Amino acid sequence: NAGVTQTPKFQVLKTGQSMTLQCAQDMNHEYMSWYRQDPGMGLRLIHYSVGAGITDQGEVPNGYNVSRSTTEDFPLRLLSAAPSQTSVYFCASSPGLAGYEQYFGPGTRLTVT
Amino acid sequence: GEDVEQSLFLSVREGDSSVINCTYTDSSSTYLYWYKQEPGAGLQLLTYIFSNMDMKQDQRLTVLLNKKDKHLSLRIADTQTGDSAIYFCAESTVVTGNQFYFGTGTSLTVIP
């Protein structure tokens, strides 16, 4: 199993550009999440999904969209990038609710200039 | 979101014990976790404890939970240079389901 994969590893965007961060898992996990990691702030939940076709907002959803058309994929879209979205983005998946381990991808480092 | 707090930095000498502390605010927290993040990598689960437990031991790792004070600690015995990393405390509850709340992370530096 590849686990949780994310692409790209690094990305630089100009303010106002849009892009999609890709996330895929091959463990047949129902639950997938997107986090951003900023210095001194830990990880904050952006959006999550409890299954194909079902998504919900986390703590910091503004400026981001998600969709879940398949169990395997959970892309994160930045509609109009802003410097405040400069961060490291992590995708995670888990087989169940609280008490289950979340498996994290290696992260995407995004810089918005 | 919930408040999960950790000190930002900790330095220890190789061979000593490390103790990383965490406080949380949600009294209904069901599971509390410790994750490790090595440079340039994602987070990996080290251990977790259910809220009806006081202690959990796993090889060099000991987790202590003081539910009254909402305090969680991770003790690493015989700390090695390979233990240098950022350690995150996290909590989740049955109520919030898959929503995890992470602390700010503690950067552990092990001095040879």
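A, B, ... follow the sequence lines: proteins, then strands. Residue 1 opens every chain. Predicted model only: the values in this text are computed from it and were never measured.
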- Message: Quick check on the hydrophobic clustering: are B:Phe50 and B:Leu74 connected, directly or via other members, by side-chain heavy-atom contacts under 4.5 Å?
- Response: yes
- Message: Hydrophobic clusters here meaning ILVMFWY residues chained together by side-chain heavy-atom distances under 4.5 Å, can you tell me if A:Tyr103 and A:Ile46 are in one?
- Response: no
- Message: Checking A:Tyr35 against B:Phe102 for the ring pair (Phe, Tyr, Trp, His ring centres under 6.0 Å) test, could you report, in this order, the C-alpha distance in whole Å, the side-chain angles of both residues, the deciding distance, and whether it holds?
- Response: CA-CA 10 Å; A:Tyr35 294 88; B:Phe102 284 86; 5.4 Å; yes
Counting only pairs under 3.5 Å, give me each side-chain donor-acceptor contact of residues 75-90 of chain B, with atom names and distances, residues two or more places apart or in other chains.
| from | atom 1 | to | atom 2 | distance (Å) |
| --- | --- | --- | --- | --- |
| B:Arg75 | NH2 | B:Ser17 | OG | 3.0 |
| B:Asp78 | OD1 | B:Gln80 | NE2 | 3.0 |
| B:Asp78 | OD2 | B:Gln80 | NE2 | 3.3 |
| B:Thr79 | OG1 | B:Asp16 | O | 2.7 |
| B:Thr79 | OG1 | B:Ser18 | N | 3.4 |
| B:Thr79 | OG1 | B:Ser18 | OG | 2.7 |
| B:Thr79 | OG1 | B:Ile76 | O | 3.3 |
| B:Gln80 | NE2 | B:Asp78 | O | 2.9 |
| B:Asp83 | OD1 | B:Arg60 | NH2 | 3.0 |
| B:Asp83 | OD2 | B:Arg60 | NH1 | 2.9 |
| B:Asp83 | OD2 | B:Arg60 | NH2 | 3.3 |
| B:Asp83 | OD2 | B:Gln80 | N | 2.8 |
| B:Ser84 | OG | B:Thr81 | O | 3.2 |
| B:Ser84 | OG | B:Val110 | N | 3.0 |
| B:Tyr87 | OH | B:Asp83 | O | 2.5 |

- Task: Please state whether the side chain, the backbone, both or neither of B:Tyr35 comes within less than 4.5 Å of a heavy atom of chain A.
- Result: side chain
- Query: Which bit of A:Gln6 is near chain B, if near means a heavy-atom gap under 4.5 Å: side chain, backbone, both or neither?
  - Reply: neither
- Message: If I take atom CD from residue A:Glu101 and atom OH from residue B:Tyr48, how far apart are they, to the nearest 0.5 angstrom?
- Response: 9.0 Å
- Side chain from CB out, backbone as N, CA, C, O: work out which of these in B:Gln6 comes under 4.5 Å of a heavy atom of chain A, or both, or neither. neither
- Which residues satisfy the ring-ring contact (aromatic ring centres under 6.0 Å, His included) test with A:His47, sequence neighbours excluded? none
- Would a hydrophobic clustering, with Ile, Leu, Val, Met, Phe, Trp and Tyr connected at side-chain separations under 4.5 Å, put A:Phe74 with A:Val4? no
- Considering only heavy atoms from C-beta outward, does the side chain of A:Gln102 approach that of B:Tyr33 to under 4.5 Å? no
